[in-house]
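Bear in mind the structure is a predicted one, so any value in this text is a computation, not a measurement.
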Amino acid sequence: MKRKITKIAGLLCLLAYTSTTFAATIGTYIGAGGGRSSARIPTSSPFDVSIYPQPSSATKTTVGWSERVFAGYNFTDYFGIEIGWNNWNRSLYNARTPFGNSAMQYNFRDYDAIGKIYFPIGYTGANLYALAGAARVTETLTYTDNGVILSGIIAEPNPGVTHASNTRPMYGVGGNITLYRRFTINLEVFQISSVGNFTNNPTAIPFLTMGYLGFAYNFQM
């Protein structure tokens with residue numbers, strides 16, 4: 001029994017040592033990545049095509065490709081900060097009737113600053129991490145008004161291009177693995193919280209969710 005306890009204690013010590021060895025790389029890093037994102041605007045369509053004769057239709061696209069560019073600094077093996085820029089997918093709503101077509105298109109970009117807490121996975125060279133911070137979201141709404149009646153779910157915007165911005169909380173989780181202490185591959189999912197009510201404000205900020213695969217270069221200390 002004493003021998004088994006000694007072996008277990010030794011294994012725990014080894015895991016603790018290797019966890020420290022393979023935790024996040026201290027120092028500066030830069031990187032980029034891409035993936036899928038969604039802008040969850042609360043409607044299937046802002047247009048009411050039910051009153052029009054056939055063929056009439058309303059379509060939407062709320063999920064698509066997105067990009068992230070980032071740079072950060074890990075102060076310790078377990079904590080770092082990161083700044084980033086995200087280009088989100090567009091949310092596009094179209095309405096087609098025999099009398100004309102109308103469209104609303106939302107585009108989102110943001111600058112963000114977050115903190116990361118790392119949780120090493122044994123001696124695998126991988127980490128899980130949690131992140132939280134704030135993002136400054138810029139929203140561009142392009143409304144093409146060709147007479148299709150709105151449903152009232154989204155307040156009527158001004159025709160043309162409207163801009164809005166807001167600072168919102170950002171949070172998420174991820175995992176990464178570092179190769180040769182220089183190159184890191186990370187898989188991350190994060191969300192920016194919403195603000196405002198679309199029935200009163202057509203440029204409210206919806207929930208923005210992104211999952212992406214990123215690659216970073218570590219400037220090792």
Report yes or no: does [X] contribute a side-chain atom to a donor-acceptor pair with the main-chain N or O of [Y] at less than 3.5 Å?
X      : Y      : value
Thr62  : Ser91  : no
Ser102 : Asn146 : yes
Asn218 : Arg182 : yes
Thr76  : Tyr78  : yes
Asp77  : Ile26  : no
Arg168 : Ser194 : yes
Ser37  : Asn89  : yes

Spatial distance of atom [atom1] ([X]) from atom [atom2] ([Y]) [nearest 0.5 Å]:
X      : Y      : atom1 : atom2 : answer
Thr59  : Tyr93  : OG1   : OH    : 10.5 Å
Ile117 : Leu128 : CD1   : CG    : 13.0 Å
Thr97  : Asp48  : OG1   : CG    : 11.5 Å
Asn94  : Thr61  : CG    : OG1   : 7.5 Å
Met104 : Thr162 : CE    : OG1   : 10.0 Å
Ile205 : Thr203 : CD1   : OG1   : 7.0 Å

>> Once salt bridge (Lys or Arg N to Asp or Glu O under 4.0 Å) is applied, do any residues pair with Lys60, and if so which ones, sequence neighbours excluded?
In response: none
>> Could you work out, with salt bridge (Lys or Arg N to Asp or Glu O under 4.0 Å) as the rule, every residue matching Glu139, not counting sequence neighbours?
In response: none
> Which residue pairs satisfy the ring pair (Phe, Tyr, Trp, His ring centres under 6.0 Å) criterion with at least one member in residues 128-155, sequence neighbours excluded?
Replying inline: Tyr118-Tyr129
>> Listing request: all ring pair (Phe, Tyr, Trp, His ring centres under 6.0 Å) pairs with a residue in residues 183-205, at least two apart in sequence or in separate chains.
In response: Trp88-Phe190, Phe183-Tyr217
> Does Asn158 have any side-chain hydrogen bond (donor to acceptor under 3.5 Å, both in side chains) partners at least two apart in sequence or in another chain, and if so, which?
Replying inline: none
>> My understanding is that only residues two or more places apart in sequence, or in another chain, count here; which of them pass side-chain hydrogen bond (donor to acceptor under 3.5 Å, both in side chains) with Arg90?
In response: Gln105
>> For Ser193 and Phe207: C-alpha separation, side-chain torsions, deciding distance, then whether side-chain contact (heavy atoms from CB on, under 4.5 Å) applies.
In response: CA-CA 5 Å; Ser193 64; Phe207 277 106; 4.0 Å; yes
Quiz question: by atom type and distance under 3.5 Å, do the side chains of [X] and [Y] form a donor-acceptor pair?
X      : Y      : answer
Glu82  : Tyr29  : yes
Arg136 : Thr167 : yes
Asn186 : Thr184 : no
Asp110 : Asn86  : yes

> Below 4.5 Å, heavy atoms only, C-beta onward: do Ser56 and Pro98 meet side chain to side chain?
Replying inline: yes
> Taking C-beta and beyond as the side chain, do Ile30 and Phe219 meet within less than 4.5 Å on heavy atoms?
Replying inline: yes
> So does Leu213 have more than 12 non-hydrogen atoms from other groups sitting under 6.0 Å from CG?
Replying inline: yes
> Which is it for Asn176 and Asn127 under the side chain to side chain donor-acceptor pair (under 3.5 Å) test, yes or no, and what are the steps along the way?
Replying inline: CA-CA 5 Å; Asn176 65 20; Asn127 298 280; 3.1 Å; yes
State plainly whether one hydrophobic cluster holds both [X] and [Y], where clusters connect Ile, Leu, Val, Met, Phe, Trp and Tyr through side-chain heavy atoms under 4.5 angstrom apart.
X      : Y      : answer
Phe119 : Phe79  : yes
Ile154 : Val195 : yes
Val161 : Tyr106 : no
Tyr52  : Leu150 : yes
Tyr111 : Leu208 : no

> Which of these, Ile81, Val189, Ile114, sits in a side chain to side chain contact (heavy atoms under 4.5 Å, CB included) with Leu131?
Replying inline: Ile114
Shortest non-hydrogen contact from [X] to [Y]?
X      : Y      : result
Ala155 : Thr199 : CB-O, 3.4 Å
Phe108 : Ala39  : CE1-CB, 3.8 Å
Gly35  : Trp65  : O-CE3, 3.2 Å
Ser45  : Ser151 : O-OG, 3.4 Å
Ala216 : Phe70  : CB-CE1, 4.0 Å

>> Assess the residue pair Trp85 and Arg68 against the criterion (side-chain contact (heavy atoms from CB on, under 4.5 Å)); give the C-alpha distance rounded to whole Å, side-chain angles, the decisive distance to 0.1 Å, and a yes or no.
In response: CA-CA 6 Å; Trp85 174 83; Arg68 178 170 175 79; over 6 Å; no
